[in-house]
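Just so we're clear, the structure is a prediction, and the values are computed from it rather than from any experiment. A note on names: the letters A, B, ... follow the listed sequences, proteins ahead of strands, and every chain is numbered from 1.
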Amino acid sequence: MRKVLIPLFFNRPTLRVAKELLGKFLVRRIGDKKISGMITEVEAYVGPKDKASHASRLWRGSLASLRGRSGPRAARGRTERTKVMFGKLGYWYVYLIYGMYHCLNIVTEKENYPAAILIRSVENVKGPGRICRKFKIDKKYNEKPASRRMGLWIEDRGVKINPRNILRGKRIGVDYAGKWKDKPWRFFIKS
DNA sequence: GGAGTGATGACA
DNA sequence: GTCATCACTCCA
């Protein structure tokens, strides 16, 4: 059983979609070759208040911004980079981080509401940067739909993860996010 | 623990 | 235009 996930799958609460992505397969076609791997770890970034999210609106007026904080973390809601998170469901959000690595996210929930899920690990590939390196994903996929036609999609191969084997914890690398840094919005399969 | 790397976005 | 920053990885 192989069913490509369609936008409707992503048009639901982000935390729910995040959990259900565990056990699905990320698939990349390059010419005649296919690379695929079961998704084993994800992180949800949900809504304009989520200070850990690139699309957070809450920096305005904060101490950090008064101190002249700049850079990507100074994002103010909808910007050139983050507009994709407000856009169509089931589209990719790909960004470059630390000048070296790409991170792959899928847009969720509903239009005009910034939410996305970071694909953090697939089987045998731990870390968002390594996934994009192995699957040859870069910004060409940003703002493109997850679809077979685009050569990068997610499919259901009938694997069922026992809920008992789904663990959750704090998101990684978001220590700047105040009370939002402790939200248990990272989901992963018990190994 | 520390370096590498360049796009990003606020501010001037 | 300037400048600090970063949802990471590798090597020590």
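Here the options are A:Lys170, A:Arg120, A:Lys181, the test is salt bridge (Lys or Arg N to Asp or Glu O under 4.0 Å), and the partner is A:Glu43; only A:Arg120 passes.
Between A:Lys51 atom NZ and C:dC6 atom P the separation is 12 Å, expressed in whole Å. Per the geometry, CD1 belonging to A:Ile172 stands 7 Å off P belonging to C:dC8, to the nearest Å. Distance NE2 (A:His102) to C1' (C:dC6): 14 Å, rounded to an integer number of Å. The nearest whole Å value for the distance from the NE2 atom in A:His54 to the P atom in B:dA10 is 13 Å. Between the CD1 atom of A:Ile97 and the P atom of C:dC10 there is a distance of 15 Å, rounded to whole Å. With rounding to whole Å, A:Lys126 atom NZ is found 12 Å from C:dT9 atom P. Regarding A:Lys170, its NZ atom lies at a distance of 16 Å from the C1' atom of C:dA7, rounded to whole Å. Atom CG in A:Asp138 sits about 19 Å away from atom P in B:dT5, given to the nearest Å.
In the set B:dG9, C:dT9, C:dA7, B:dG9 carries the atom at the smallest distance from any side-chain atom of A:Thr79. When distances run from any side-chain atom of A:Arg133 to the nucleotides B:dG9, C:dC6, C:dC10, the shortest one goes to C:dC10. Of the listed nucleotides (C:dT9, C:dA7, C:dC6), C:dA7 has the atom at the smallest distance from the side chain of A:Ser53.
A:Arg171 forms a cation-pi arrangement with A:Tyr45, by the criterion of a distance under 6.0 Å to the ring centre and an angle within 45° of the ring axis.
Side-chain N or O atoms of A:Arg168 include one that pairs as donor or acceptor with a backbone N or O of A:Pro184 at under 3.5 Å.
Between A:Arg130 and the phosphate of C:dC10, there is a side-chain N or O to OP1/OP2 separation shorter than 4.0 Å.
In this structure, A:Tyr45 forms an aromatic stack with the base of C:dA7, since both conditions hold: centre separation below 5.5 Å and plane angle below 30°.
Map A:Tyr98 and A:Lys139 each onto its nearest nucleotide of DNA chain B; the residue landing nearer the 5' end is A:Tyr98. Taking the nucleotide of DNA chain B with the nearest heavy atom to each of A:Met100 and A:Leu96, the more 5' of the two is matched to A:Met100.
Across every strand in view, C:dA7 sits unpaired, with no contact that passes the Watson-Crick or G-U test at under 3.5 angstrom. Of all nucleotides present, none satisfies the Watson-Crick or G-U wobble test against B:dT5 with each distance under 3.5 Å.
A:Glu155 places none of its side-chain heavy atoms less than 4.5 Å from the side chain of A:Ser36.
Residue contacts shown for A:Gly99 include a base, since a base heavy atom lies under 4.0 Å away.
For a distance-only test at 3.5 Å, the side chain of A:Tyr95 qualifies as a donor-acceptor partner of the base of C:dA7.
Checked against the 6.0 Å centroid threshold, A:Tyr93 and A:Tyr91 do not count as a close aromatic pair.
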